[in-house]
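Keep in mind it's a predicted model, so treat the numbers as computed, not measured. Letters go in sequence order (proteins before strands), and every chain restarts at 1.
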Number of protein chains: 2
Amino acid sequence: MFVEVKYKTMLYSSELIKGTLRTIILKLLCDQQKMYGYEITQTVKDLTKGRIQLTEGALYPTLHAMESEGLLTTEVEYIGKRVRKYYSVSKQGKAKAGEKINEFAEFMETMRVLLNLDLGTLKVQ
Amino acid sequence: MFVEVKYKTMLYSSELIKGTLRTIILKLLCDQQKMYGYEITQTVKDLTKGRIQLTEGALYPTLHAMESEGLLTTEVEYIGKRVRKYYSVSKQGKAKAGEKINEFAEFMETMRVLLNLDLGTLKVQ
DNA sequence: AAACATACATAAAACTCTTAGGTATCAAAT
DNA sequence: ATTTGATACCTAAGAGTTTTATGTATGTTT
């Protein structure tokens with residue numbers, strides 16, 4: 001009869017997350033070598049303390065697109081009867097990851113200046 | 001016969017800017033009291049050294065929407081025969097600005113952690 | 001006179017994401 | 001036993017935002 005509240009803070013209104021999905025995927029896959037879709041959603045949820053929750057409707061089509069663009073490669077694995085599709089970054093994907101992450105970092109700095117934010121005082125609990 | 005290069009760095013691939021337009025507008029109008037559309041595009045371009053260039057096709061409809069939502073108020077002025085439409089933030093607009101800027105700051109911090117960025121070493125020239 | 005900058009505006013198309021639905025396996029609780 | 005919840009994949013309609021393209025008009029610079 002009690003509802004467990006996992007995360008104190010709200011989800012971001014999703015408009016901000018737009019345009020960051022590919023960057024997030026590339027970064028995680030560069031760090032972890034190989035991951036499957038569902039694992040990516042859970043990892044992002046954990047790492048962001050629930051603040052960013054990727055929807056499957058956005059994730060899967062994006063993974064498929066990135067594979068067809070040659071950024072990711074796949075290998076299927078069976079866990080009992082259940083299918084798992086692992087994604088890894090290709091050489092191109094690694095290059096792209098570098099670009100994307102760099103671009104995002106610069107974008108953040110530009111926005112920090114534009115919005116006159118003092119990130120030194122910001123603490124995300 | 002020489003082309004003047006105003007800005008060294010590239011524009012951001014625009015996907016990142018998505019979702020930040022309203023925040024930028026509210027922030028600028030809170031600081032400047034009143035601004036007109038074209039002025040907003042130029043100010044953002046200058047403040048970001050050409051990295052963010054708002055398109056008019058995105059800006060004007062957004063300003064209209066924000067006015068109809070009660071976030072902004074307008075007053076028309078004539079410079080010779082040319083029309084200028086000044087926008088100011090309403091009381092609601094000011095509250096919204098606070099929320100939006102805060103949300104963006106938290107989002108940036110979350111992304112910093114997620115992408116493992118070291119912003120201390122980042123210098124935007 | 002032409003080109004460029006100022007200043008507004010709209011509308012079709014493109015792009016990305018949400019919402020909503022579907023299938024199926026496995027574990028835990030009722 | 002069966003329902004619920006978690007795991008795991010997927011697609012498609014609709015919503016929302018932005019780009020691209022276009023239009024109008026005035027003022028300034030070349």
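With respect to B:R51 and A:E109, no salt bridge is recorded, no charged nitrogen being found less than 4.0 Å from a carboxylate O.
Separating the CE atom of A:M66 from the P atom of C:dC15 is a distance of 17 Å, rounded to the nearest angstrom. In this structure, A:Y78 atom OH and C:dT25 atom P are separated by 12 Å, rounded to whole Å. Distance CD1 (A:I17) to P (D:dT17): 14 Å, rounded to an integer number of Å. Between the CG atom of B:L16 and the C1' atom of C:dC17 there is a distance of 15 Å, given to the nearest Å. Following rounding to the nearest Å, A:Q53 (CD) and C:dC17 (P) show an atom-to-atom distance of 16 Å.
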Per-nucleotide protein contact along nucleotides 6-15 of chain D, 5' to 3', at a 4.0 Å heavy-atom cut-off (B base, S sugar-phosphate only, - neither), is BBSBBBB---
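The nearest heavy atom of DNA chain C to A:R22 and to A:K81 marks one nucleotide each, and the one closer to the 5' end goes with A:R22.
The neighbour count for B:K96 NZ, taken as heavy atoms of other residues, nucleotides or ligands under 6.0 Å away, does not exceed 12.
Contact record, A:L47 with B:V113: O-CG1, 4.4 Å, taken as the closest heavy-atom pair.
For A:T48 (side chain) and B:T110 (main-chain N/O), no donor-acceptor pair under 3.5 Å exists by modelled atom type. Remark: the backbone N or O of A:Y87 is not paired with any side-chain donor or acceptor of A:T74 at under 3.5 angstrom.
Tested against B:Y36, the residues B:R84, B:E77, B:E75 include a single side-chain hydrogen bond (donor to acceptor under 3.5 Å, both in side chains) partner, B:R84.
For the OP1/OP2 pair of C:dT18 and a distance below 4.0 Å, the side-chain nitrogens and oxygens of A:T55 include at least one atom meeting the criterion.
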